[in-house]
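Notes follow the structure.
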There are 2 protein chains.
Amino acid sequence: MMTMLQAYNVYEDRCPTRLVLDRLADKWALLILDRLESGPVRFNHLRRDIKGISQKVLSQTLKKLERDGLLSRAVFATVPVTVEYTLTPLGRTLTQTVAALAHWAEHNMDAVLAAQEAYDTAPSAR
Amino acid sequence: MMTMLQAYNVYEDRCPTRLVLDRLADKWALLILDRLESGPVRFNHLRRDIKGISQKVLSQTLKKLERDGLLSRAVFATVPVTVEYTLTPLGRTLTQTVAALAHWAEHNMDAVLAAQEAYDTAPSAR
DNA sequence: CGGGATCCGAGCAGATACTG
DNA sequence: CAGTATCTGCTCGGATCCCG
């Protein structure tokens with residue numbers, strides 16, 4: 001199954017997998033997907049929770065993720081209007097992997113920061 | 001949200017985990033790490049294998065990954081000089097997750113592409 | 001072979017203002 | 001509340017040339 005589907009080489013340029021990987025290789029997208037894992041969240045709630053993201057970038061990123069079928073957008077005719085973002089089943093299959101990446105970052109950041117310091121203070125010819 | 005191990009909140013700005021995640025959220029970095037999984041590779045070999053990457057970006061990305069302690073750089077005094085890039089033990093712990101992400105992209109790209117097409121051809125008020 | 005240095009253009013991000 | 005619109009940097013990436 002796995003071998004059959006692999007009609008494309010990941011390292012090849014212009015392969016569809018690259019397009020998907022490229023979309024996923026986005027700090028904000030990863031954070032948003034991770035944040036939605038626990039359930040639907042409204043726009044300004046996301047904006048508040050994900051510190052440092054601008055309203056424009058949040059809007060753009062949400063639109064891309066919706067286009068990719070990873071999350072869905074639900075509008076409720078309240079006053080004022082309410083919009084909820086929810087992971088689709090497809091998106092939910094991804095969050096496991098995203099969470100794994102986040103956990104790796106969390107558990108290994110000390111090692112990474114130590115490596116950076118060692119690298120920066122190294123007197124060798126760089 | 002999460003629980004015990006989380007001394008930092010991933011969604012907080014300026015948290016170290018964010019810095020690491022940000023580094024990982026790089027298409028080229030992911031491809032390079034994935035490519036090095038099977039063993040040491042030389043500079044121009046990487047350049048050839050990872051289609052579409054420029055020499056400058058390859059060089060920059062390798063330097064960042066080395067600084068993060070994810071890969072090591074070995075110079076051999078041949079003529080001309082040979083440079084090999086190898087995953088460090090730390091880097092090797094990451095490739096499992098990176099590979100999982102690549103596999104997800106590969107197995108689900110059809111669904112993603114279908115979702116994109118549906119989104120683009122939708123007549124609804126967007 | 002394995003890069004560094006430089007120049008340049010496109011795109012992305014920030015800030016601000018406005019709207020249904 | 002949940003965005004859109006616009007303007008303005010400013011960084012990133014590509015291309016080119018050069019070197020030990």
Side-chain angles (χ1 to χ4, degrees), chain A residues 11 13-14 18-19 21-32 35-36 39-68 71-86 119 122 124-126, chain B residues 11 13-14 18-19 21-32 35-36 39-68 71-86 119 122 124-126:
Chain A
Y11 304 110
D13 206 358
R14 318 207 43 70
R18 276 265 196 109
L19 296 177
L21 247 191
D22 202 15
R23 172 64 37 82
L24 265 37
D26 175 350
K27 167 176 132 187
W28 299 122
L30 293 178
L31 287 171
I32 291 172
R35 181 63 192 81
L36 288 183
V41 186
R42 284 180 298 105
F43 185 87
N44 276 338
H45 201 137
L46 275 172
R47 183 154 155 60
R48 275 191 303 271
D49 282 0
I50 302 180
K51 308 271 165 60
I53 194 172
S54 74
Q55 149 275 136
K56 187 175 80 173
V57 173
L58 175 58
S59 175
Q60 289 173 345
T61 308
L62 286 171
K63 216 174 286 182
K64 287 180 191 173
L65 292 173
E66 186 195 0
R67 179 170 180 266
D68 290 343
L71 57 80
S72 61
R73 184 172 177 274
V75 184
F76 300 98
T78 53
V79 178
V81 70
T82 303
V83 180
E84 265 185 9
Y85 291 91
T86 316
Y119 184 96
S124 66
R126 206 87 77 173
Chain B
Y11 306 110
D13 206 357
R14 318 207 46 70
R18 276 265 195 110
L19 297 178
L21 248 190
D22 201 15
R23 172 63 36 82
L24 265 38
D26 176 352
K27 166 178 133 187
W28 299 122
L30 292 178
L31 287 171
I32 290 173
R35 181 62 191 81
L36 288 182
V41 186
R42 284 180 299 105
F43 186 87
N44 276 337
H45 201 136
L46 276 172
R47 184 154 154 61
R48 276 191 302 273
D49 282 0
I50 303 180
K51 307 271 165 60
I53 194 171
S54 73
Q55 168 270 318
K56 186 174 84 172
V57 173
L58 176 57
S59 175
Q60 288 173 344
T61 309
L62 286 171
K63 217 174 283 183
K64 288 179 189 170
L65 291 174
E66 185 194 0
R67 179 169 181 266
D68 290 343
L71 56 81
S72 61
R73 183 172 178 273
V75 183
F76 300 97
T78 53
V79 177
V81 70
T82 302
V83 180
E84 266 185 9
Y85 292 91
T86 316
Y119 184 96
S124 65
R126 205 88 78 176

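Chain letters run A, B, ... following the sequence lines, proteins first, then strands; residues in each count from 1.
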Side-chain heavy atoms of B:Lys63 within contact of B:Arg67, under 4.5 Å: no

Side chain proximity check, B:Phe43 to B:Leu62, heavy atoms < 4.5 angstrom: yes

Nearest-Å distance for atom pair [atom1]/[atom2], residues [X] and [N]:
X: B:Arg42; N: C:dC1; atom1: CZ; atom2: C1'; result: 8 Å
X: A:Ile32; N: D:dA2; atom1: CD1; atom2: C1'; result: 14 Å
X: B:Glu84; N: C:dG3; atom1: CD; atom2: C1'; result: 16 Å
X: A:Glu66; N: D:dG3; atom1: CD; atom2: C1'; result: 13 Å
X: A:Asp49; N: D:dC1; atom1: CG; atom2: P; result: 13 Å

Degree of bending, the helix from C:dC1-D:dG20 to C:dG20-D:dC1 (end axes from five pairs; round to 10°):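 End-to-end axis angle: 60°.
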
Tell me every residue that passes side-chain hydrogen bond (donor to acceptor under 3.5 Å, both in side chains) with [X], counting only those two or more places apart in sequence or in another chain.
X: B:Thr82; result: B:Thr78
X: B:Arg47; result: none
X: A:Ser59; result: none
X: B:Arg48; result: none

Touch class at under 4.0 angstrom, heavy-atom based, for B:Phe76 against every strand present: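 The answer is nothing, as B:Phe76 stays clear of every strand by at least 4.0 Å.
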
Kindly write out the residues that satisfy side-chain contact (heavy atoms from CB on, under 4.5 Å) with [X], not counting sequence neighbours, or none if the list is empty.
X: B:Val79; value: none
X: A:Lys64; value: A:Arg23
X: B:Val41; value: B:Arg35, B:Leu36, B:His45, B:Leu46

Residue-phosphate contact under 4.0 Å: B:Tyr85 side-chain N/O, C:dG3 OP1/OP2: yes

Side-chain N or O of A:Arg73 closer than 4.0 Å to phosphate OP1/OP2 of D:dA2: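 No, outside the criterion.
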
Sugar-phosphate or base contact per nucleotide [nucleotides 4-20 of chain D; S, B, -; heavy atom under 4.0 Å]: B-B------BBBB----

